[in-house]
Amino acid sequence: MPPNGLDAKTLFEGGEGITYNDFILLPGHIDFVLDSISLDTNLTRNIKIKRPLVSSPMDTVTESRMAISMALLGGIGIIHYNNTIEDQTKEVRKVKRFENGFITDPVVLSPTHTIMDVDTIKDAYGFSGIPITEDGTLNSKLVGIVTKRDIDFEDNRTKPLSEVMTRQLVTAPSGISLSDGNKILKESKKGKLPLIDKQGRLVSLMSRTDLLKNEDFPFSSKDKGKQLLVGAALSTREEDRERLAELATAGVDVIVIDSSQGDTIFQIDMVRYVKKHYPHIDVIGGNVVTAKQCKSLIDAGVDSLRIGMGSGSICITQDTLAVGRAQGSAVYHTAKFSREYANIPVIADGGIAHIGHIVKALSLGASAVMMGGLLAGTTESPGEYFYEGGVRVKKYRGMASHEAMEKGGGKRYLSVEDRIKVAQGVSGTVVDKGSVIHLGQYLMQSLLHSLQELGCKSVHDLHQGLYDGNLRFEMRSQSAQTEGSVHDLYSSKEPHLGLLRRGR
């Protein structure tokens, strides 16, 4: 029996630009349960993540709160560069300090520090359990610990820590295994477990909250030291080499070279510089939409590619400059070339409005999706909520909007010094979406169902079906798109995420 539908080669190599809404995937055979599906994928050639989610390096999308949440969900967040070097590296450090197996560089204070110093650390890093050593440095004798319960009801915030710290401590010897340390934390019911050497000097720290997070977020993206993975954006400008040096010191895991058009000598030079001076840091190049652009950056040494030009909800590049590509075609052609040429993964960036677009991006060869508008408006995105027309919203803007370029966002468009700035993005608002944790869990549960409908047990199987022709596609007329959405009702109500929070 001849198969229904078209294979991807027939669909996408006819010369017409196709985007996500223009086609639909035909179902496959189901012979497995949902729990047997794996969403593991390659972010880069060297970094694997358990969920194909990446948050965009936009100043209204990703700072440390978003990056922490994305890593806990199994994806990764990319910290934007529309800030000072100090601010960006501070955001990276917040992510790296957030969760650890052994905290090898804990924040330490001395008995002469004050409660106000603990308040400052809480504001900067989000925690207030601080070990106290004789001289306020690591590897000096541990004399106490200050926790939230020690200082909550103290009105005098200038009081020295020697007057409030807990001196009766539960400790463990340095060199203890992670499992044994977790056992002590459980039995002692303490929030922190200091690890000390034979002389009583503080060596490292374990945290009960980290143990609980391991249970709540089993798919978390972590490095070899059990710290959360985090990425950061760089421009192609030479002065950002100083920014790169500070990011490397802060422990960044992957760098995204953030350019609207990635096939430039400026980006190639930056990629080569990163790979030469920081070979342990993976580099994601882009943005690109053609095979020729991919080849330029792969030859320069990138470990992954970012795909998309003008497809985001706040991007007007295609209208303004008449340059770009339909996102479906861009993802298919770049992913196919990059796989055949050097087995380099690609990340679909732009145009992801809902779960169906995530499925379609992955089905066209992307290993992950980068999201901006879908994550904007969540609790973890930067900015404050306000009311517009009676609706609770947050600001969302393109990095090439006039507002963002005034703060430095024009670096990705090679237009920082332009006397006349040409905006390639707009500013707007998006409605309150609640926590990105709940949204992310809903999206991934939906993705599991989609893969089951397609008869694929993994992202790898999905890609295999794409390239061997077993994954089948069909074009959708405007009437078919209308038919496939909610229609012919007097009113309707969208599913509420709260009903789905028990999902994976």
Side-chain angles (χ1 to χ4, degrees), residues 64-65 68 86-87 89-214 225-228 230 246 249-251:
S64 57
R65 288 187 70 193
I68 287 168
E86 292 76 14
D87 286 342
T89 54
K90 181 179 178 181
E91 294 300 305
V92 169
R93 285 194 178 95
K94 286 182 183 180
V95 182
K96 299 307 290 185
R97 286 183 181 274
F98 183 79
E99 181 176 7
N100 311 264
F102 294 106
I103 306 172
T104 57
D105 59 343
V107 176
V108 180
L109 294 175
S110 74
T112 58
H113 281 93
T114 67
I115 296 174
M116 192 178 299
D117 294 313
V118 179
D119 293 337
T120 300
I121 292 169
K122 179 71 161 60
D123 291 340
Y125 297 111
F127 57 81
S128 54
I130 312 295
I132 310 300
T133 63
E134 284 183 334
D135 63 4
T137 65
L138 191 62
N139 295 318
S140 68
K141 188 174 181 179
L142 181 69
V143 294
I145 193 166
V146 171
T147 64
K148 187 172 182 291
R149 70 184 65 179
D150 295 319
I151 60 175
D152 263 354
F153 301 108
E154 289 287 347
D155 294 328
N156 180 12
R157 308 311 276 186
T158 63
K159 182 177 289 189
L161 299 181
S162 59
E163 297 183 21
V164 297
M165 67 184 187
T166 299
R167 298 175 185 271
Q168 299 297 321
L169 303 177
V170 175
T171 64
S174 61
I176 191 174
S177 69
L178 186 62
S179 60
D180 286 344
N182 285 338
K183 184 178 179 181
I184 294 173
L185 279 170
K186 287 181 178 179
E187 292 175 350
S188 68
K189 296 182 172 58
K190 297 292 185 181
K192 297 287 189 295
L193 178 65
L195 306 183
I196 58 175
D197 63 16
K198 293 180 180 179
Q199 287 74 43
R201 297 174 298 196
L202 180 66
V203 175
S204 58
L205 191 69
M206 290 185 67
S207 170
R208 180 179 178 82
T209 55
D210 289 345
L211 175 60
L212 296 175
K213 292 187 200 88
N214 289 335
K226 303 300 183 181
Q227 294 179 314
L228 296 181
V230 63
E246 294 300 317
T249 300

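Note that the coordinates shown come from a computational prediction; the quantities given were computed from them, not determined experimentally.
- The minimum heavy-atom distance between P111 and E134, with the atom names listed, is CD-O, 3.8 Å.
- S140 pairs by the side chain to side chain donor-acceptor pair (under 3.5 Å) definition with T133, D135, not counting sequence neighbours.
- The shortest heavy-atom contact between L202 and P106 is CD2-CG, 4.4 Å.
- With rounding to the nearest 0.5 Å, the separation of CG in D87 from OG in S64 is 11.0 Å.
- Interatomic distance, CD1 of I145 versus CG of L109, reported as 11.0 Å (0.5 Å rounding).
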Cut-off 3.5 Å, no hydrogens considered: what does the side-chain donor-acceptor table look like for residues 160-174, sequence neighbours left out?
| unit_1 | atom_1 | unit_2 | atom_2 | d |
| --- | --- | --- | --- | --- |
| T166 | OG1 | D150 | OD1 | 3.2 |
| T166 | OG1 | D150 | OD2 | 3.3 |
| R167 | NH2 | S162 | O | 2.8 |

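- In this structure R201 satisfies the side-chain contact (heavy atoms from CB on, under 4.5 Å) test together with D197, Q199, sequence neighbours excluded.
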Begin from the C-alpha positions of I176 and L195 and carry the test side-chain contact (heavy atoms from CB on, under 4.5 Å) through to its verdict.
-> CA-CA 8 Å; I176 191 174; L195 306 183; 3.9 Å; yes
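- E246 contributes atom CD, which lies 14.5 Å from atom NZ of K90 (distance to the nearest 0.5 angstrom).
- Within the model, atoms CZ of R97 and CD1 of I68 stand 12.0 Å from one another, a figure rounded to the nearest 0.5 Å.
- By the salt bridge (charged side-chain N to carboxylate O under 4.0 Å, His left out) test, E154 is found to be paired with K159, residues two or more places apart in sequence or in another chain being considered.
- Legend: residues meeting side chain to side chain donor-acceptor pair (under 3.5 Å) with K148, ordered by chain and number and at least two apart, are D152.
- For the pair I121 and I130, the minimum side-chain heavy-atom distance is below 4.5 Å.
- Sequence neighbours left out, the pairs with a member in residues 107-121 that pass side-chain hydrogen bond (donor to acceptor under 3.5 Å, both in side chains) are S110-T112, S110-H113, T114-D117, D119-R157.
- Note that the CD atom of E91 and the NZ atom of K96 stand 14.5 Å from one another [nearest 0.5 Å].
- At least one side-chain heavy atom of V146 sits under 4.5 Å from a side-chain heavy atom of I151.
- A search for side chain to side chain donor-acceptor pair (under 3.5 Å) contacts involving N139 returns nothing, not counting sequence neighbours.
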